[in-house]
Number of protein chains: 2
Amino acid sequence: MNITRAWEILKDNGYKKTDKRELILNMFEDTDKYLTARDLLSVLKKDFPGMSFDTIYRNLATFVNLGILEETELNGERNFRMHCESEHHHHHFICMECGKVKEISVCPMEMIQEKLPDCAIESHKFEIYGKCQNCVHETV
Amino acid sequence: MNITRAWEILKDNGYKKTDKRELILNMFEDTDKYLTARDLLSVLKKDFPGMSFDTIYRNLATFVNLGILEETELNGERNFRMHCESEHHHHHFICMECGKVKEISVCPMEMIQEKLPDCAIESHKFEIYGKCQNCVHETV
DNA sequence: TTTCTAATTCATAATCATTACGATTTACAA
DNA sequence: TTGTAAATCGTAATGATTATGAATTAGAAA
């Protein structure tokens, strides 16, 4: 997902272009990591001291609904990042040190459905946590 | 994990046998579902109106540390259940309707490590959500 | 361009889960 | 039976998130 596409989606759905939304989207475009509402607020407060929780959370929810951002829960906090548009279904390795995210193409769901013949599978979460190459070699 | 084993573990680690702990463990022994702190409190308040958050949360943390309970995050709330002692590593299918939990023996982690040769994988989460046999057939 | 209106934001308070604290009570070993 | 560390109670604090009502603003229509 790039920022141009994000604006298209917003416009198509009747959402306006505001400076706050622009700042938020820019922050996501600049990184491949997951960010929290807190991350966003602490940066955006510099440019807009009055920036409020409401603005952040409402916009994050909007972006997720429109498929611009994707979301996961990491130690009790919601984390967001630009939605990947890889053509194939995939999962993520998340570095717990620096936050870097890598795509993993393996997904065992086909196997799984066979094992649960009578269940209606609605979703699944498969995430791998650890340290990435760089962080493994860092001395603590 | 059964309750007798749980008490052994507690005793071995210098924890005392209290009526509150007994009630909490009994609730977990009676079900195979995940329970929240709220679930526990709402039931236990009947027998012990004074039962406090502190007691619940402190004991849940203790039980998790000792491996008596296992924990997962489900829509922003921590959920707990008796730790499975299956001899093999496995994952869970969780019915979002009734809360029933099924063991899934498939785990793709061997495959994954190959794909991330330089990363130190520390943990992973793999959960499947949906409706179980019974709940699929219920009319809403 | 100006005006109108719905969308957006601000400031703040409410809510919900969780954690912390000081005083009191309790389990259990000596 | 008693002493003491552990556990609990009652309540308050914290931190993330959601809600509210008033004020502002973007963007379409005149």
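Residue numbers start from 1 in every chain, and the chains themselves are labelled A, B, ... in the order their sequence lines are given, proteins ahead of strands. What you see is a predicted model, and the numbers here were worked out from it, not measured in a lab.
- Regarding A:R21, its CZ atom lies at a distance of 15 Å from the P atom of D:dT25, rounded to whole Å.
- With hydrogens and angles left out, the side-chain atoms of A:T62 and A:N65 include no donor and acceptor closer than 3.5 Å.
- Between A:E73 and B:G76, the shortest heavy-atom distance links the atoms OE2-CA, 3.5 Å.
- Rounded to an integer number of Å, the gap from CG of A:N75 to P of D:dT17 is 12 Å.
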Output, in order, the C-alpha distance, side-chain angles, deciding distance and verdict of side-chain contact (heavy atoms from CB on, under 4.5 Å) for B:D19 and B:F48. CA-CA 10 Å; B:D19 46 0; B:F48 288 82; 3.6 Å; yes
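- A straight line from CZ of A:R78 to P of D:dG15 spans 19 Å, rounded to a whole angstrom.
- A:K20 has its NZ atom 13 Å from the P atom of D:dT24, to the nearest Å.
- Within the model, atoms CZ of B:R21 and CZ of B:R58 stand 7.0 Å from one another, a figure rounded to the nearest 0.5 Å.
- In summary, contact between chain A and DNA chain C, defined as any nucleotide atom under 4.0 Å from a heavy atom of the protein, begins and ends at C:dA6 to C:dA11 in the 5' to 3' direction.
- Aromatic ring pairs are classed by plane angle as parallel below 30°, tilted from 30° to 60° and perpendicular above 60°; the pair A:Y34 and A:H92 is perpendicular.
- Sequence order on DNA chain C of the closest nucleotides to B:A37 and B:T18 puts B:A37 first from the 5' end.
- A donor-acceptor pair shorter than 3.5 Å cannot be found between the side chains of A:Q133 and A:K100.
- A 6.0 Å sphere centred on NZ of A:K11 holds no more than 12 heavy atoms belonging to other residues, nucleotides or ligands.
- Heavy-atom nearest nucleotides on DNA chain D were determined for B:G14 and for A:T36, and the one closer to the 5' end corresponds to B:G14.
- Between A:H91 and B:H124, the distance separating the two ring centers is not shorter than 6.0 angstrom.
- Protein atom NZ of B:K16 is 15 Å distant from nucleotide atom P of D:dG3, rounded to whole Å.
- Dashed line: the shortest gap from a side-chain N or O of A:R38 to OP1 or OP2 of D:dG15 is not under 4.0 Å.
- The stretch residues 41-67 of chain B touches DNA chain C through B:F53, B:D54, B:Y57, each having a heavy atom under 4.0 angstrom from the strand.
- Side-chain atoms of B:F93 and A:I112, non-hydrogen and from C-beta on, never get closer than 4.5 Å to each other.
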